[in-house]
Amino acid sequence: MTRILTVLALVLLIIPNAWAQQPLQVDIDRGHLEPLPIAIPDFLDQGGPNARGADIAEVVRADLESSALFTSVDANAFIENIANIDQRPRFADWRVINSDALLAGRVTVQSDGRLLVAFRLWDTRLEDQLLGLQFVTAPENWRRVAHKVADAVYQRLTGETGYFDTRIVYVSEGVGPNGIPTRRLAIMDQDGANPSFLTDRSYMALLPNYSPSAQQITYVSFLDGQATTYLYDLETGRQEALFASGTRGLARVDADGQSLSARFSPDGESIVVSIERSGGHDIHVFDLRARQLSRLTDHPADDVEPSFSPDGQQIVFSSSRGGASQLYVMNANGSGVERITFGSGRYTAPVWSPRGDLIAFVKQEGGQFSLGVVRADGSGQERILYEGYFVDTPAWSPNGRVLLFTRGDRSSRGTQYAIWNVDLAGFNLRPAPIRGAASDPAWSPLID
Amino acid sequence: MRVGIPLSLLVHGAMIVGGAIYLPHAARQFSSGVVVPVELVTLGDVTNVRAAAPEPVEIEEAPEPEADEAVDDDIIPEQIAAEAPPPEPERSVEIIDDGLPEETADEVVVAEADIPDPPAPVSRPESAREEPRREPSVDLDYLSGLVDQAREDQPRNSGNAEVGERRQGAGAGTAMTATLVDIMRSQAERCFRSSIDAPNPERLNVTVRVRLNRDGSLAEPPVSTDAGRIRSSGDPFWLVAEERALAAIIDCSPYRLPAEQYSQWRLMDVTFRNDIF
């Protein structure tokens, strides 16, 4: 009896004590999205003047700041001088200058002349190493290594893959020696470095799109006098017409067969394209291996601008089958067509996000153009990211975070075209680093 | 004597049970606050200009361009008239005219590898609480724009009390004082870097166990109660959300909370939500 009472007493004493320790429940459902302050001292140079530690750090800083998710802490505020990246930094020295993260790197010129680029990423508040990596490369590739470092830092601090080691193909707009307007394909690194032309002035080139391997692009050429889709191999410079009438092209179409807006499937084995046949445009898919063209839509209205979902299971396109142009989604075999936009105005240029959840579009209404995104199933509200005088050809960054687009601004010299970018939240609107008129951007996947 | 001990135990037990039943409810009254402290914020200091805002448009009589005007001839002649020299792209780096693209195949990085962790520290540095506090960085304009619609559907847990609603106060116990939860929320959210811009952010909620000293400083490093699930999920977005939650607790400490109610806030579970988008 005594034992029972003793146990009972202990239970009665313990249970209330446990209840008394119930933690206070606090919910935080607001936060901020301000840029994360990161300190990036010049990488340490070891082994000679070609190490380029300062140059690499500068490219990393520029990459991260261009995303607007990071802000680089002024080097003049640094207290600790990083002399060895293999020693833990004095975190308090970095916290006191409001640096939430620290990137410390070192560049070593190896005996074979190659660069060994090593870095450590630290969380100054948690006092923990978040990442430690090293790259080996030829000295001339130092910019690419810098972009890869920036991609690694971006991914570790945001959770999503970066987009800095990428390239952009676009249309450079100009005027030839005889006053004839020219539109030539050009290519550059995403930060504007290493630009070069891909096509010459002898013919118009438009609407490039990248293959998933980043080795090829499709584009529309007027080389044979009408809009025809070409396949361009970026490694060899070789190009071929895919769809054309007569004797040109791999797939024969009718005499009035313009082909526009070709985009690769996610596996790179086929191309979806709108082709004009008998006066109307329909969506077709072209098998690159079998060289076989198949029609997916057959409607009296124009079905144009197709784009695959990232899983390859669906295709979004614009169509005037409901009157004004709206966006529609169908299965990859052409079945199950469903309309996903119902607003007033004209919806064009749909492009499926690499994330898969959103579709970018251009909307024209009341004399105004806007760039927006809508959920792929059409649910929820549209989100308008930019409104202006003219908008066209949105192109996603490979991580689905940023959109490039053609922007036209009215001026005394007429409409001036340029490529701009904006992030998914509608922030960080800024021009792409291209001087001169440009349009029709295509963003490459991450380069292996 | 034999009767006295059991009787005493039963009486004490009844008192303890009664207290155990009543006291948690009494504590909860403070946590279901309806009054929130109001911050006066200078918009120019903390808001960003949304890119979606309509830009000033020059009012001219010219017709609106069509979507396919980029290839029309009527645009380029205007450029010709205005630009005497052929408008080749001007770049900081010289363009190789008519050249082929660079060979990308040879540019690939040869190797990538993890580098080992550095040696363990000899001594830990000063704690975060000794550093100057950061300025509030609440982006009201952006957040309100993002969450307005979502919040319309959510039950309000802050703001002014409705007519007839009893305000539950803390601190001095008057109706105008904020509750413990609201006080804590208003302080911690300033340091919380949200993950609402991640894909499907509603899955990224993180709960942090916080143990505080009476002066509001951290009694021990905050711990994620979801750490196991987050590690096993392999979700990098969730991992980042967890790190941001832990950092927020550290960054905003010490907390200013009423000392006389220390027993109620010495231990907290702070849940950082990213599901308001």
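Letters A, B, ... mirror the listed sequences (proteins, then strands); counts begin at 1. A quick note: this is a predicted structure, and the numbers were derived from the prediction, not measured.
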Subject >> Heavy-atom side-chain proximity of A/P23 to B/R209 below 4.5 angstrom >> reply: yes
Subject >> Atom of B/R244, atom of A/L157 and distance for their closest heavy-atom approach >> reply: NH2-O, 3.3 Å
**OP:** Only counting residues at least two apart or in another chain, list the ones meeting salt bridge (charged side-chain N to carboxylate O under 4.0 Å, His left out) with B/E243.
**Re:** A/R156
Subject >> Flag, side chain of B/R185 to backbone of A/D27, donor-acceptor distance under 3.5 Å >> reply: yes
Original post:
So how far is it from A/L126 CG to B/I249 CD1, rounded to the nearest 0.5 Å?
Top reply: 11.5 Å
Subject >> Spacing of B/R266 atom CZ and A/L24 atom CG [to the nearest 0.5 Å] >> reply: 13.0 Å
Original post:
What pairs with B/F192 under ring pair (Phe, Tyr, Trp, His ring centres under 6.0 Å), at least two apart in sequence or on another chain?
Top reply: B/F272
**OP:** Might you point out which heavy atoms bring A/I28 and B/A188 nearest each other, and give the distance in Å?
**Re:** CD1-CB, 3.9 Å
Subject >> Gap between atom CD of A/Q25 and atom CE of B/M268 - 0.5 Å precision >> reply: 11.0 Å
Original post:
Got a donor-acceptor contact below 3.5 angstrom from the B/R193 side chain to the A/G31 backbone?
Top reply: no
**OP:** Would you mind telling me which of A/G159, A/S353, A/G372 has the largest number of heavy-atom pairs within less than 4.5 Å of chain B?
**Re:** A/G159
Original post:
Which answer fits B/L246, side chain, backbone, both or neither, if we ask what part of it has an atom under 4.5 Å from a heavy atom of chain A?
Top reply: both
Original post:
What distance separates B/I250 CD1 from A/E127 CD, expressed to the nearest 0.5 Å?
Top reply: 8.0 Å
**OP:** Taking the side chain as every heavy atom from C-beta outward, state whether A/L424 and B/D197 have any pair of such atoms under 4.5 Å apart.
**Re:** no
**OP:** Check each atom of B/A247 against the heavy atoms of chain A and say whether the ones under 4.5 Å are side chain, backbone, both or neither.
**Re:** both
Subject >> Best-contacting candidate, A/L115, A/L131, A/V26, against chain B by heavy atom pairs under 4.5 angstrom >> reply: A/V26
Subject >> Nearest heavy-atom neighbours spanning B/A198 and A/R355 >> reply: C-NH1, 4.3 Å
Subject >> Pairs of heavy atoms under 4.5 Å with chain B: top-ranked of A/L371, A/V362, A/T158, A/T393 >> reply: A/T158
Subject >> Under 4.5 Å from a heavy atom of chain B, the part of A/L116 involved >> reply: neither
Subject >> Nearest heavy atoms of B/R190 and A/H32, plus distance in Å >> reply: O-CD2, 3.4 Å
